[in-house]
Asker: 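Below you will find the structure I want to go over with you.
Just so you know, these numbers use all the heavy atoms, side chains as well, and skip hydrogens, waters and symmetry mates. Remember, it's 1-based here, ligands and their atoms both numbered in the order they're listed. None of these values were measured; they are calculated from a predicted model.
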Amino acid sequence: MSERTPAEVVEAVAAAFERTFGSAPAGVWSAPGRVNLIGEHTDYNGGLCLPIALPQRTYAAVSPRDDGVVRMASAQQDGVVEVALDDISPEQPGDWGSYVAGVLWALRRDGLTVGGLDVLVDSTVPFGAGLSSSAALECAVAAAASDLFDLDLMGSAEGRARLAARCVEAENVIAGAPTGGMDQSASLLCEEAAALLLDCRSGETRHVPFDLDAAGYVLLVTDTKAEHALVDGQYAARRDACEQAARDLGIETLREIDPSGLDAALERLGSDEVRRRVRHVVTEIERVTRAVASLEAGDLDEVGRLFDASHASLRDDYEVSCEELDVATATARSHGALGARMTGGGFGGSCIAIVRASDADAVTAAIATAFEDEGFTAPVSFTVTASGPAHRDV
Ligand code: GLA
């Protein structure tokens with residue numbers, strides 16, 4: 001975990017920009033990573049999800065260029081990656097540069113006029129932890145492009161939603177990860193002390209107060225350090241299975257299945273595996289609705305139970321958990337957490353638990369011990385609060 005303050009990172013990224021590109025940047029923009037409280041693998045099914053933005057952010061020091069070239073460097077990688085705007089494709093520039101250049105490609109495809117950029121990025125969002133470091137990078141670049149090319153999209157929720165949609169296209173088409181839209185919406189639209197209820201069918205959003213501190217609880221995130229990759233085919237396979245099931249049922253998305261009609265819908269599906277996938281999605285959407293009602297009623301015990309049920313469904317029906325996530329969530333629960341679940345795409349990454357503030361250190365230690373006993377890589381746990389969206393820092 002980085003201990004650097006936002007001001008320190010802003011200063012460092014601007015200084016690194018100047019060292020790399022020879023002059024001060026026009027500005028620095030940043031965008032947060034996220035954890036999803038509940039509503040997993042629902043976004044690409046037109047469902048509901050409930051992310052918060054993290055205090056951890058990706059920072060981009062940026063200057064515009066007038067020659068249509070994008071040059072990109074990172075505090076976390078060596079070298080400068082370069083691509084002409086006209087050459088951006090799934091093959092070029094490749095690797096992490098796709099997340100930067102892809103945003104400009106998507107904005108242009110949307111009919112917006114953008115030029116080249118010099119970009120230097122730095123991040124306090126842990127990589128590969130399932131906390132959306134890639135969406136944070138896309139959204140920081142989108143925020144910079146909006147301001148530098150006078151797109152005027154950062155000042156309204158509609159504008160920010162449009163930027164989020166372009167970031168999703170960058171990730172889907174140029175970076176080649178078939179993700180839904182939750183992470184980018186979270187990064188651009190979340191507010192401090194609130195979770196974002198995102199309806200991925202209508203595009204509607206609502207801010208749901210989320211302040212565990214006031215109740216004496218914290219949200220503990222554990223990066224399991226278990227390998228996690230969204231481009232490895234498993235995520236795409238889950239998404240394909242859902243889309244195929246919707247076609248088989250003659251509906252647009254699985255969102256159309258009312259929980260009361262779930263059994264009837266399942267009977268019409270051919271394989272047990274597909275039935276379990278569909279059951280996860282439909283029950284998970286219902287759990288989001290119940291979690292929002294419970295948060296609004298101040299019933300954290302019920303939110304905890306919903307976390308547990310979500311994890312069980314992701315583990316048993318959707319099959320996207322892994323041993324590390326199962327051990328971390330079980331250990332958190334047996335050490336007093338109100339509930340615990342994997343967050344994000346799964347197959348590794350992070351889990352979240354609602355724990356009494358005074359128990360956070362003990363739960364952290366218990367998870368570390370359990371990992372040691374199992375022979376897993378040491379995990380990293382930290383508490384987070386719901387934080388603000390992408391913005392210009394200087
Ligand atoms: C990843 C994707 C999101 C979403 C989650 C699962 O984070 O980027 O779009 O599908 O997995 O809920």
Asker: Can you check whether Thr42 has an N/O within less than 3.5 Å of an N/O in ligand 1?
Answerer: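 Such a contact does not occur with ligand 1.
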Asker: For Thr179, take its heavy atoms, then give the atoms of ligand 1 lying under 4.0 Å from any of them.
Answerer: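 Close to Thr179: 2 (C), 8 (O), 9 (O).
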Asker: Suppose we screen for salt bridge (Lys or Arg N to Asp or Glu O under 4.0 Å). Which residues come up paired with Asp110, at least two apart in sequence or across chains?
Answerer: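 Partners of Asp110 under the salt bridge (Lys or Arg N to Asp or Glu O under 4.0 Å) test: Arg162, Arg166.
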Asker: Which atoms from ligand 1 have a heavy atom of Gly180 less than 4.0 Å away?
Answerer: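 Atoms satisfying the 4.0 Å criterion: 9 (O).
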Asker: Check this for me - ligand 1, Tyr235, N or O atoms closer than 3.5 angstrom, yes or no?
Answerer: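 Yes: some nitrogen or oxygen of Tyr235 is under 3.5 Å from one in ligand 1.
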Asker: Compute the shortest N/O to N/O distance between Asp43 and ligand 1 and return yes if it is under 3.5 Å, no if not.
Answerer: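 Min N/O separation from ligand 1 is below 3.5 Å for Asp43.
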Asker: For ligand 1, which atoms have a heavy atom of Tyr44 less than 4.0 angstrom away?
Answerer: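 Counting from 1, the qualifying ligand atoms are 10 (O).
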Asker: Do Pro51 and Asp183 make a side-chain contact, defined as non-hydrogen atoms from C-beta onward lying under 4.5 Å apart?
Answerer: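 A side-chain contact under 4.5 Å is absent here.
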Asker: Would a 4.5 Å heavy-atom cut-off, applied to side chains only, mark Phe149 and Thr113 as touching?
Answerer: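 SC-SC contact between Phe149 and Thr113 ruled out.
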Asker: Would a 4.5 Å heavy-atom cut-off, applied to side chains only, mark Val80 and Phe21 as touching?
Answerer: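 With C-beta onward as the side chain, the pair touches.
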Asker: Does the side chain of Thr20 reach to within under 4.5 Å of the side chain of Arg71, using non-hydrogen atoms?
Answerer: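 The answer is no; the side chains never approach within 4.5 Å.
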Asker: Please work out whether the ring planes of His41 and His280 are parallel, tilted or perpendicular, with thresholds of 30° and 60°.
Answerer: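 Answer is perpendicular, since the angle exceeds 60°.
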Asker: Just distances here: any N/O of Gly344 and N/O of ligand 1 closer than 3.5 Å?
Answerer: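 No, no N or O pair falls under 3.5 Å.
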Asker: Using heavy-atom distances, let me know which of Arg34, Glu171, Met182, Glu40 sits nearest atom 7 (O) of ligand 1.
Answerer: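 Among Arg34, Glu171, Met182, Glu40, the closest heavy atom to atom 7 (O) of ligand 1 comes from Arg34.
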Asker: Output yes when the distance from some N or O of ligand 1 to some N or O of His41 is under 3.5 Å, and no in every other case.
Answerer: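 N/O-N/O distance below 3.5 Å exists for this pair.
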Asker: Do Gln244 and Val274 come within less than 4.5 Å of each other through their side chains, counting heavy atoms only?
Answerer: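 The answer is no; the side chains never approach within 4.5 Å.
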